[in-house]
Structures are given as C-alpha cells and as structure tokens.
Amino acid sequence: MRFVDEYRDPVAARALVARITELAGDTHFKFMEVCGGHTHTIYRHGIEHVLPSTVELVHGPGCPVCVIPMGRVDDAIAVAETPGVIFTSFGDMMRVPGGHGNLLEAKARGADVRFVYSPLDALKIAVDNPAKHVVFFAVGFETTAPSTAVTLVRAKALGVQNFSVFCNHVTIVPPIKAILESPDLRLDGFLGPGHVSTVVGTRPYRFVPEVYGKPLVVAGFEPLDILATVHMLLQQIRDGRCEVENQYGRVVREEGNVAALKLLGETMQLRPHFEWRGLGFISQSALKINDDYAEFDAEERFSMPGIRVADPKACQCGEVLKGVIKPWECKVFGTACTPETPIGTCMVSPEGACAAYYNFGRMHREAAEMVGQTAGA
Amino acid sequence: MCLGIPGQVVSLGEGHEHLARVDVSGVGRIINVGLLEDEALEVGDWVLIHVGFAMAKIDEEEAAMALASLQMMGGAFTDEVDAFFTAPSAGGAAPRPVPR
C-alpha cells in the first residue's frame, strides 16, 4: 500500500532516529504516551528498541477499559443481574474483572448480558424489547462519550421509557494533571492522544506547557508518527520552546469536533470526583448524565452496591498506568496474569500496556536481547 | 472500542437524516454521521468511525493507513470489525454487503 509505506519507510525512520539521537545528546529524556493506541504501535513495531537509550517512552493511563475501578464493574454486574434487565456493553468490558467476577460470568449465571458495538444498538434493543429494561454500560474517554450523548438525545426524542445508561465516561485532561502532580514520576513531555483529540481538539492541553512547563505534541498512530512526535518534543526542548503542537494535523483540529463537544455539554456534567484504577480519586475527571436526562441515568434507577474494591495485591496495574514500572516488571505479568486469565485491567484490553507488551513487545525485546543489541544500537 | 475504523461514505440520508451507509473493507453498514454535520459530507468521503459514529472526516491516505494498522492488530481488529458487522445496526436496518 503506497500511503502506508510512506509512514513505515525504514529510510525515513532511520533519518528521524539519527536526528532524535543527536538532539537528545547525553541527556536522558522520559516522555509519556497517554493513549493506549500509541502504546500498541510502540510495542507492535518495536519502537522502543529503535530509539536511542537516552529516550525512554513510558505508558500512560489512556485506556478507558484499564482505568475502570473494580467497584464499578461490580455495580454493573449487580444491575445486569436485576430481574427484567438486558445489560449491554462493549465487548472490551466483558472480561474486565470486578471484585466478584466479570460480566461474562454473570451471563453464564443467567443474566441477560449482550455485547453491542454502539450505544445506538443498545437503544434499538430497548425499542425491540418494551417489556424489558435495557441498560448500556457506557465507558470511554471523549472519543466515545459523544456517541452516548447522541443516544441520550435520540432516546428522549423517541420517548423511550425502558432505556438507561450506566455512565462511566472519563475525561482526558484530569489524569494528565494527576500524573504531572505525581511525585514519583519525572517526565519531560507528552505524546498527546490522537483519537480523543479529534473530539476535544488541542486547546485543552495548553495547561501542560503553561502551568507545568512540559511540551505536549498530539501524535498519530503510525510508527513514523511516533518518531516524528518524539523528534518534535526534543526540538522544542532544544529550541527552548514549550508548547502544544499537533503532529496529527491530518485528522486533529485545534478546535476539535465542536458539534460533539456541544452535545456532551447538553447531556452530561462533570462529577465532583471519580475513582481511577491505579490513580485513585481524581476531581472532575468523569461525566455523569445531567438533570435534563436523569430519566435515562441508570444510577438514578437502580440501587448499586457502590462499594470500593481494592485492586488485587499482586496486581501492579496502578504503577503501570502511571508509567512508574514497565509491564514486565510486574510480579504477575505473563505468569498468573495473561490475556486469557487477566488479573489486572491492563491485561484485558488489547490497548492495555500489559496486553500490548504480552502480545508484541516481549518478542521484540527478546529478539533484541538475543542478538545482543541494546536499545538504540 | 477505542479503535477508529475508516469507512467510505456510500450513501447519505438513510432512514433519517443523520444516517449514512459506509463501506469498510467491502462490507456495508449504517452509521451515524450527525456529529459531522458541519463537514458537508459527500458520497465518496472517508470518515473515522468510533462505536458506530463518524467522529472525523479523513482523507484517503489516512484511511488507507488506519486500515492497514488495524489489520496488523490481528485479533483486536477482527473482534472490533466482527462487532461492527454482527451487532444490530445502529440505524435499525440490517447490515448488507455493498456491491463493489
């Protein structure tokens, strides 16, 4: 494929790596990629082994499946097991463990749990099953939240009485802020998320350079996008600049998707605080359905346990999500915790750092070690 | 869920005004394009689809790259595309193949 080859051109990659090596010099730089899609590209293409040893990429909390706390999964299961309920969820969430198993196990016990591709599919199930109450398990950053917003508007317009949303949408800016405030992590800049930014645009990240003095470059998902973004970050630092730049301009606009943001504002509001797996409670970091749409809020309709469940002791998802440790440094990685039998959420979603590393990264790492290469050699 | 799937608009105004039929790797599905109403979408345009919604208009080059990246993801992509085609269609119409 012509276009793809341009973004995977080894000659261009080598030229970029040479520039990156030169710009980094003898200083060690640590950049965080916030988005799980970037983590996937990095492991899939072995980018960490192409970069010089002076440039380290750490993986951030940008996988919405990975950051849902176990207590919320238990709440979802409680709703799913309520008689008369059809519980609908994205496939990604089905195997995410709560304190009392996962949704697939609830389905095996007899709950009517169905996977859907889109929240509108859930609404259609409600229309088709007037005798049942259909709940949609809404998760995701601003990438998927607008689709829930459209669905709420549509449900109201259609006058659907038997549909509600268990809203777990989260927002991208607060966790970045939490990471910047975290004392155990020193970062030199961020590879900004790609798909979320198609909705929110690039303006919400301005606080990163302005308040915290770190550069942020919104990045695309091709291997050369990642390298070009690292190059832009280093160039900023070497030029003495510190700003938000957009490497993914072919998709992301400064103002984002204005229609989507407007709909979000009309249907949802910020929660005072929300628990993130591994990051703890972060204020104003998640969305709830607003009063105008309260009739569609599953949290208003159902009594949920709402019990906070501590992560399993052996699981170090929290440290992985904050980029404090690499996936393979977790004690249970690849042994007790695998994509087939995940203990932690980072192993469940294909975009989770642990699953991405388990599926792809370790092969690159083992191959690199076998031929005696060190990173950047 | 987070994977953006590129699709090409085959027809607009399916069922109600915010629906469009798109072609993804030769298979058709109805998606919602209401969030791109300021973009003056036309038949032949490419869009990036998240959970049944077009979230951004993209060019053919970006679409080709996104599709190739997704195909490299193997299982994750297969699961997402399976979900895309087998789940009940967002517009209410049953999915049917688009003739090529």
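To find a chain, count down the sequence lines: A is the first, B the second, and so on, and within it residues start at 1. Small disclaimer: the values here were computed from a predicted structure and weren't measured.
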*Kindly give the heavy-atom pair with the smallest separation between Val51(B) and Tyr117(A), and that separation in Å.*
CB-O, 3.3 Å
*Check each atom of Arg253(A) against the heavy atoms of chain B and say whether the ones under 4.5 Å are side chain, backbone, both or neither.*
side chain
*Compare every heavy atom of Pro146(A) with every heavy atom of Leu35(B), then report the nearest pair and how far apart it is.*
CD1-CB, 3.7 Å
*If every non-hydrogen atom of Ala259(A) is compared with every non-hydrogen atom of Asp38(B), which pair is closest and at what distance?*
CB-OD2, 4.4 Å
*Do the side chains of His50(B) and Ser147(A) get nearer than 4.5 Å, heavy atoms only?*
no
_Residues Arg29(B) and Asp121(A) bridged, charged N to O under 4.0 Å_ = yes
_Which residue in the set Thr143(A), Val150(A), Thr144(A), Thr148(A) passes side chain to side chain contact (heavy atoms under 4.5 Å, CB included) when paired with Phe53(B)?_
Val150(A)
_Atom group of Leu123(A) that falls short of 4.5 Å from chain B, counting heavy atoms_ = neither
_Strictly distance-based, threshold 3.5 Å: is any side-chain N or O of Asn257(A) a donor or acceptor partner for the main-chain N or O of Met55(B)?_
yes
*For the pair Glu37(B) and Lys262(A), find out whether any cationic side-chain nitrogen is under 4.0 Å from an anionic carboxylate oxygen.*
no
*asked:* Within this structure, what is the NE2-CG distance for the pair His18(B) and Leu120(A), rounded to the nearest 0.5 Å?
replied: 12.0 Å
*Could you give the distance from CZ (Arg250(A)) to CD (Glu62(B)), rounded to the nearest 0.5 Å?*
4.0 Å
